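What you see is a predicted model, and the numbers here were worked out from it, not measured in a lab.
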Amino acid sequence: MQSIDKGHEPRDVDVTAATRGVWLVKVPKYLAERWEKAEGNSEVGKLRLTRSKLPSGQKPEVLFTSSDTIMAQVGTVSDIPHQHKFALTAVANQNLTVFSQSPNLDRVFIEGKVIQRGECHPIADDNYRKLKRKQLEINNKPKREIVLLQQVVMAYKPRSDHIFSSEERQKKKEDAKRSRLDRDRVMDMLFAAFEKHQYYNVKDLVGITKQPIPYLKEILQEICTYNMKAPHKNMWELKPEFRHYRQQEGSS
C-alpha cells in the first residue's frame, strides 16, 4: 500500500486522449473475470449497434457478442451467456473522466471523457439459464454435509505417550531422588522456616527441606494447619501449640 505522502507526489499526466468519448458500462462479474484473464490487446468481443427507425432521440440497440477465445477460457463458470444487451442511460450533468496509470505508477493517462453510461445484461438463453441454475445450486449447498467414508481417515496420529504422562513420571523421579532425612531433622528445618514466615505453601517447603512431597505432608499434618479459606488459602501454618512451644524455647 502506498503511503499518503507518495500518493500525493506530482506526476506527469498524458492528456492526449482527453477529448475522446468513452462509454462507462457495468458488466456482470463472470464476464469481468474473463476479461481480466484475457491477454493484453486481445479481442474479448464485438459490439453491434442498430440504429432505430423510430423518431430521433430513440437510443440505439447495442448487442455485445463474446469472442470464441473468451468463451473457451477455463474459469470458475464454464458456461456463460454468449450474447449481452446494453441498457444505455444518459450521463446528465455529470462530468466523468477515465484515468489510468502506467505499470511503474510514474505517469497518469486520461483515457477519455464519459459520454455514455450503460449496463450489460445477459440475454436469457439456455446458457444463461444454466448459469443461474448453477449459481443457485452453489448458494443453496450447505456448508457442512454428511459424507459416507469408504475408508478410514486418520485425522490425527495416535500417541503412546502424552506430555502430561511424561511430566508426571518426571515428578515421581524427582521425588524418588530426594532421600528421606530423619523426622526430627525435617521438623527442625520446618520450625526454623516458620520462625521467619508464618505461612508457606507446600512447594516452598519442598524447596527448603528437599524432601518427597508425601513424606513432607505426613510431617506437616502433625505440626501444621492447612488453611482452606482466604486470605491464606492453600497455605500451611504451625499449630498453636507448636507456635507456643517454639516461643518458649526461644525465651529460655
Side-chain angles (χ1 to χ4, degrees), residues 1-140:
M1 183 179 293
Q2 298 182 13
S3 64
I4 296 177
D5 294 337
K6 188 174 181 180
H8 289 278
E9 288 180 357
R11 295 190 179 99
D12 294 332
V13 180
D14 190 331
V15 296
T16 305
T19 58
R20 180 174 61 181
V22 296
W23 286 18
L24 178 63
V25 181
K26 181 179 180 181
V27 300
K29 183 178 179 181
Y30 60 82
L31 197 58
E33 290 175 349
R34 294 295 178 95
W35 291 359
E36 288 179 357
K37 294 179 181 178
E39 297 180 0
N41 297 325
S42 62
E43 181 182 298
V44 296
K46 293 183 178 180
L47 285 175
R48 187 179 68 185
L49 283 75
T50 304
R51 292 290 180 181
S52 175
K53 296 180 181 180
L54 295 176
S56 60
Q58 184 74 23
K59 293 183 176 62
E61 293 182 356
V62 182
L63 181 66
F64 173 76
T65 304
S66 296
S67 65
D68 294 338
T69 305
I70 292 297
M71 295 299 295
Q73 278 187 9
V74 179
T76 55
V77 181
S78 58
D79 298 324
I80 64 173
H82 191 239
Q83 292 184 327
H84 296 74
K85 278 188 175 181
F86 281 15
L88 303 179
T89 57
V91 180
N93 296 325
Q94 291 181 311
N95 187 9
L96 304 174
T97 305
V98 178
F99 291 86
S100 65
Q101 282 185 320
S102 59
N104 54 6
L105 304 180
D106 61 340
R107 296 191 66 186
V108 178
F109 301 86
I110 296 181
E111 300 294 345
K113 181 180 179 181
V114 177
I115 60 173
Q116 184 69 62
R117 298 184 63 177
E119 292 190 9
C120 181
H121 298 289
I123 296 177
D125 56 5
D126 290 339
N127 282 344
Y128 178 69
R129 284 187 283 271
K130 289 179 182 178
L131 174 66
K132 297 305 292 184
R133 183 168 60 250
K134 185 173 294 186
Q135 288 178 341
L136 287 173
E137 291 174 355
I138 294 174
N139 293 334
N140 293 331

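Between Lys85 and Glu61 there is no salt bridge, since no side-chain nitrogen of the basic residue lies less than 4.0 Å from a carboxylate oxygen of the acidic one.
Contact of the Leu88 side chain with the Gln116 side chain is registered, since non-hydrogen atoms from C-beta on lie closer than 4.5 Å. Contact of the Val91 side chain with the Ile115 side chain is not registered, since no non-hydrogen atoms from C-beta on lie closer than 4.5 Å. Two residues are said to be in side-chain contact when any heavy atoms from C-beta on lie closer than 4.5 Å; His84 and Val27 fail this criterion. In this structure the side chain of Leu31 reaches within 4.5 angstrom of the side chain of Cys120, judged on heavy atoms. Counting heavy atoms from C-beta outward, Glu119 and Thr89 have side chains that stay 4.5 Å or more apart. Residues Leu63 and Gln83 meet the side-chain proximity criterion, which asks for heavy atoms closer than 4.5 Å. At least one side-chain heavy atom of Gln135 sits under 4.5 Å from a side-chain heavy atom of Lys132.
A pairwise comparison of heavy atoms in Gly45 and Phe64 identifies CA-CE1, 3.6 Å as the closest pair. When all heavy atoms are compared, the tightest approach of Arg20 to Glu111 is NH2-O, 2.7 Å.
Atom CZ of Arg129 sits in a crowded spot, with more than 12 heavy atoms from other residues, nucleotides or ligands closer than 6.0 Å. Residue-environment remark: CG (Asp68) stays at or below the threshold of 12 foreign heavy atoms within 6.0 Å.
Note that the CG atom of Asp12 and the CZ atom of Phe109 stand 9.5 Å from one another [nearest 0.5 Å]. For the atom pair CH2 of Trp35 and OG of Ser66, the computed distance is 7.5 Å after rounding to the nearest 0.5 Å. Rounding to the nearest 0.5 angstrom, the gap separating the CD1 atom in Ile110 from the OG1 atom in Thr19 is 10.0 Å.
Using bins of under 30°, 30° to 60° and over 60° for the plane-to-plane angle, the ring pair Phe86/Trp23 lands in the tilted bin.
His82 contributes no side-chain N or O that, together with a main-chain N or O of Thr65, makes up a donor-acceptor pair within less than 3.5 Å.
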Item to check | Intermediate values then yes/no, side-chain contact (heavy atoms from CB on, under 4.5 Å), Thr69 and Glu39 | outcome: CA-CA 10 Å; Thr69 305; Glu39 297 180 0; over 6 Å; no

